[in-house]
There are 2 protein chains.
Amino acid sequence: MSKPAARIRLADAAFVLFDERGYERTTVDDIAERAGVGRTTFFRHYRSKEAVIFPDHDRLLELIRDRLATSSESTALVAVSDAVRLVLLHYIDEGDLARRRYALTSKVSALRDREIASVARYQRLFREFIADWMGDPTEAASLRAELMAAAVVAAHNHVLRRWLRGESADPVAEVDEAMREVLALFPTPQSPGGRDDDGTTLVAFRTSQDLDALLPSLRRLIEDNP
Amino acid sequence: MSKPAARIRLADAAFVLFDERGYERTTVDDIAERAGVGRTTFFRHYRSKEAVIFPDHDRLLELIRDRLATSSESTALVAVSDAVRLVLLHYIDEGDLARRRYALTSKVSALRDREIASVARYQRLFREFIADWMGDPTEAASLRAELMAAAVVAAHNHVLRRWLRGESADPVAEVDEAMREVLALFPTPQSPGGRDDDGTTLVAFRTSQDLDALLPSLRRLIEDNP
DNA sequence: CTTATGAACGGTACTCAGTACCGCACGGTG
DNA sequence: CACCGTGCGGTACTGAGTACCGTTCATAAG
């Protein structure tokens with residue numbers, strides 16, 4: 001018990017020293033020394049000085065990949081929401097650690113950049129999954145997959161950052177709500193009927209006119225665009 | 001004319017050497033030597049080895065900021081589209097240089113990460129502008145601004161990458177079209193009527209049913225939610 | 001008990017990016 | 001001529017990251 005696996009001690013030492021002296025003014029030697037290990041050992045456990053404060057993104061990415069893989073065509077969007085919730089929960093489980101990391105990434109641009117790069121990998125995963133799910137290889141579908149993936153991770157990050165700043169009491173409910181909003185932006189081709197796309201399409205709008213006053217124009221639109 | 005401003009020679013040398021030996025296997029000394037200048041001079045012109053291949057993001061950010069600043073409330077979305085087009089045109093003006101950079105960022109993860117970090121700065125700029133424009137300080141509006149900014153830069157990057165890969169003959173037309181699609185995703189609060197929010201609200205959906213078959217339910221919904 | 005094996009660690013030495021500082025040459029201006 | 005700002009080169013340093021080697025120690029095999 002006096003040896004909590006050097007890896008942990010290194011991370012602890014790093015956080016303490018980064019808090020005390022700041023990130024740039026802390027050397028890897030400092031961290032290793034405080035953890036009571038050699039410098040070599042540090043690089044055995046963490047690829048770089050930056051990596052020591054970040055969660056295991058590779059493992060998280062695998063988690064997402066797994067969740068997405070276990071979905072049929074009709075549950076694809078549920079899988080996306082689930083995967084997003086999974087990531088959020090991972091951060092929440094970290095608790096204080098996640099908040100200390102947030103404080104660091106807010107101050108040190110090198111760390112912020114690295115975090116952003118990681119987020120891009122999640123976005124790529126979602127983009128590829130969504131594009132696959134759409135099946136449609138056209139340019140329009142490709143763009144829509146890109147937009148959707150961007151919106152999905154933006155929603156997650158928005159809620160996550162709110163929670164990190166202590167602005168959210170129930171981040172899970174918030175992320176679910178945010179995901180609903182994201183998915184609502186994109187027309188879902190979940191036509192349960194049978195053959196698709198020969199029904200009625202309504203566009204969304206808000207108006208101060210009465211529904212009855214609009215009906216004639218609506219009917220005309222529908223008739224003119226078969 | 002034998003001295004095309006060391007800065008240019010350094011960039012040229014860097015691209016040539018990166019092509020020849022790859023990025024990691026090229027040292028700053030190599031670049032400086034090939035450019036016929038001292039190592040110190042390299043760092044006088046470029047903050048880092050990575051910076052030598054990237055365009056002047058600070059200047060581009062200023063360009064965007066300026067374009068966005070010269071917009072009224074009613075032309076905000078036009079300003080966003082213009083700003084996006086501005087960035088795209090900047091890359092197109094670079095021509096072959098932009099494509100060589102793309103080849104590098106596709107292979108070297110360190111460069112890709114840096115590019116992604118730059119993109120995030122553009123996204124932040126758009127997010128702040130859009131949030132300002134919305135005026136609404138609620139959480140819902142904040143999320144919508146985030147989503148919109150993410151979609152805007154995703155659309156730009158999508159078209160840009162297509163052009164970089166030689167898949168687009170008319171990227172400007174494509175980005176305009178993509179921006180229209182993005183803005184169409186978000187209900188525009190351009191209610192030209194007068195006082196707002198005591199009329200009829202329609203939700204967006206696509207169905208295979210006839211409009212007439214839906215009307216009774218619609219009316220019931222409207223009556224039940226005044 | 002002895003030996004082989006493999007994993008985890010520490011130490012040394014190296015490359016290279018990035019910074020700090022100093023001194024030199026040049027061109028214009030008084 | 002003297003003065004001064006600018007651009008450049010050289011030297012020396014810090015610190016991240018890599019390569020390599022030797023040591024320790026626990027466990028399994030003999």
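Note that the structure is a prediction, hence the values are computed from the model and not measured. Naming: A, B, ... by sequence-line order, numbering from 1 per chain.
Side chains of B/E115 and B/H57: no donor on one and acceptor on the other come within 3.5 Å. Side-chain polar atoms of A/R165 and A/Y102 form a donor-acceptor pair below 3.5 angstrom.
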ring-ring contact (aromatic ring centres under 6.0 Å, His included) for A/H156 and A/Y122? Distances and angles first, verdict last. CA-CA 11 Å; A/H156 167 271; A/Y122 291 89; 7.7 Å; no
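Both tests do not hold together for A/K107 against A/F18: distance to the six-membered ring centre under 6.0 Å, angle to the ring axis within 45°.
Contact of the A/V80 side chain with the A/W133 side chain is not registered, since no non-hydrogen atoms from C-beta on lie closer than 4.5 Å. Looking at B/E167 and B/R161, their side chains never come closer than 4.5 Å, going by heavy atoms from C-beta outward.
Between B/E62 and B/R59 there is no salt bridge, since no side-chain nitrogen of the basic residue lies less than 4.0 Å from a carboxylate oxygen of the acidic one.
Between B/R7 atom CZ and D/dC8 atom C1' the separation is 16 Å, expressed in whole Å. Between the C1' atom of D/dA16 and the CD atom of A/E24 lies a distance of 13 Å, rounded to the nearest Å. B/R47 has its CZ atom 14 Å from the P atom of C/dA20, to the nearest Å. One atom, CZ of A/F42, and another, P of D/dT18, lie 11 Å apart when rounded to the nearest Å. The CD-C1' distance, from B/E50 to C/dG18, rounds to 12 Å in whole Å. Taking atom OH on A/Y23 and atom P on D/dG15, their separation rounds to 13 Å, with Å as the unit. Remark: C1' of D/dT14 and CZ of A/R25 are 13 Å apart, rounded to the nearest angstrom. In this structure, A/E33 atom CD and C/dG11 atom P are separated by 11 Å, rounded to whole Å.
Between the two ends of the helix from C/dC1-D/dG30 to C/dG30-D/dC1, each summarised by a five-pair axis, the helix axis turns through 10° (rounded to 10 degrees).
Checked against D/dG9, C/dA17, D/dT18, the side chain of B/F43 finds its nearest nucleotide in C/dA17. Taking every side-chain heavy atom of A/T40 into account, D/dC20 is the closest of D/dG17, D/dC20, C/dG18. Of the candidates D/dA12, C/dC9, D/dG9, the closest approach to any side-chain atom of A/R44 belongs to C/dC9. In this structure, the nucleotide among D/dC8, D/dA16, C/dA17 sitting nearest to the side chain of A/R39 is D/dA16.
Counting non-hydrogen atoms under 4.0 angstrom, A/T27 reaches the backbone sugars and phosphates but no base.
Taking side-chain N and O atoms only, B/T41 has no distance below 4.0 Å to OP1 or OP2 of D/dC8. Close to C/dA8, at under 4.0 Å from its OP1 or OP2, lies no side-chain N or O of A/H45.
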